[in-house]
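Take a look at the structure below.
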Amino acid sequence: QVHLVESGGGSVQAGGSLRLSCTTSAYSHSNDCMGWFRQAPGKEREGVAAIDGDGTTSYADSVKGRFSISQDNTKNTLYLQMNSLKPEDTAMYYCAADGPAYCNGPPYYPNSFLEWGQGTQVTVSS
């Protein structure tokens, strides 16, 4: 069973940057889609970025050009580099693994991912 642990969240001012990390205890299903989701209070969980087993990346329109997803298979770690942060990026961010064979998004469907981290809070002030 894959165990995911996110880190790197925090509070920044608009225009700032953060890098989220997601470390897996076991890199099973390494060829399946992995992704980052976020959920703001009162809103549904939304996928913001995903990466296929071959390294192909995709992004939600709201973060395209500002966020970058990557993975380091030697460290069993998934990253989300977030630049030019906006107040509307404020949310709890979750790492997701053991997704579909191909990400085929956006949109990304939370029910398609079997493993989730506990989340890390990102707060962007104006």
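- Atoms CD and OG, on Glu6 and Ser21 in that order, are 10.0 Å from each other to the nearest 0.5 Å.
- We find the CG-OG distance between Leu78 and Ser70 to be 7.0 Å, quoted to the nearest 0.5 Å.
- Leu4 and Tyr79 fall into different hydrophobic clusters, defined by Ile, Leu, Val, Met, Phe, Trp and Tyr side-chain heavy atoms under 4.5 Å apart, directly or through other members.
- Between Asp52 and Gln71, the shortest heavy-atom distance links the atoms O-NE2, 4.2 Å.
- Looking at every heavy atom in both residues, Tyr59 comes nearest to Pro106 through O-CG, 3.3 Å.
- With rounding to the nearest 0.5 angstrom, the OG atom of Ser62 is 9.0 Å from the CD atom of Glu88.
- When all heavy atoms of Ser126 and Pro87 are compared, the closest pair comes out as CB-CG, 3.9 Å.
- Here the options are Cys103, Pro100, Cys33, the test is side chain to side chain contact (heavy atoms under 4.5 Å, CB included), and the partner is Ser112; only Pro100 passes.
- Test Leu80, Asp89, Leu20, Val122 against Arg38 for side chain to side chain contact (heavy atoms under 4.5 Å, CB included) and you get one pass: Asp89.
- Using bins of under 30°, 30° to 60° and over 60° for the plane-to-plane angle, the ring pair Phe67/Tyr93 lands in the tilted bin.
- Gln81 places no side-chain N or O within 3.5 Å of a backbone atom of Arg19 that could act as its donor or acceptor partner.
- Ile51 and Phe37 fall into different hydrophobic clusters, defined by Ile, Leu, Val, Met, Phe, Trp and Tyr side-chain heavy atoms under 4.5 Å apart, directly or through other members.
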* To do: Could you walk me through whether Trp36 and Cys95 pass side chain to side chain contact (heavy atoms under 4.5 Å, CB included), step by step?
  => CA-CA 5 Å; Trp36 287 95; Cys95 170; 4.0 Å; yes
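- Side-chain heavy atoms closer than 4.5 Å link hydrophobic residues (I, L, V, M, F, W, Y) into clusters, and following such links, even through other members, never connects Ile69 to Tyr108.
- One finds the CE atom of Met92 at 8.5 Å from the CD atom of Gln118 (value rounded to the nearest 0.5 Å).
- In summary, Lys64 and Asp61 engage in a salt bridge, as defined by a charged side-chain N under 4.0 Å from a carboxylate O.
- Hydrophobic clustering (ILVMFWY, side-chain heavy atoms < 4.5 Å, transitive): Tyr94 and Leu18 are in distinct clusters.
- The shortest side-chain heavy-atom distance between Lys86 and Arg66 falls under the 4.5 Å cut-off.
- Between the side chains of Asn83 and Ser17, a donor-acceptor pair is found at a separation under 3.5 Å.
- Exactly one residue among Glu44, Glu46, Arg45 makes a side chain to side chain donor-acceptor pair (under 3.5 Å) with Gln39. That residue is Arg45.
- Of the possible polar contacts, none joining the Thr123 side chain to the Thr90 backbone as a donor-acceptor pair under 3.5 Å is found.
- Taking CD of Glu115 as the start and OG1 of Thr24 as the end, the distance is 10.0 Å to the nearest 0.5 Å.
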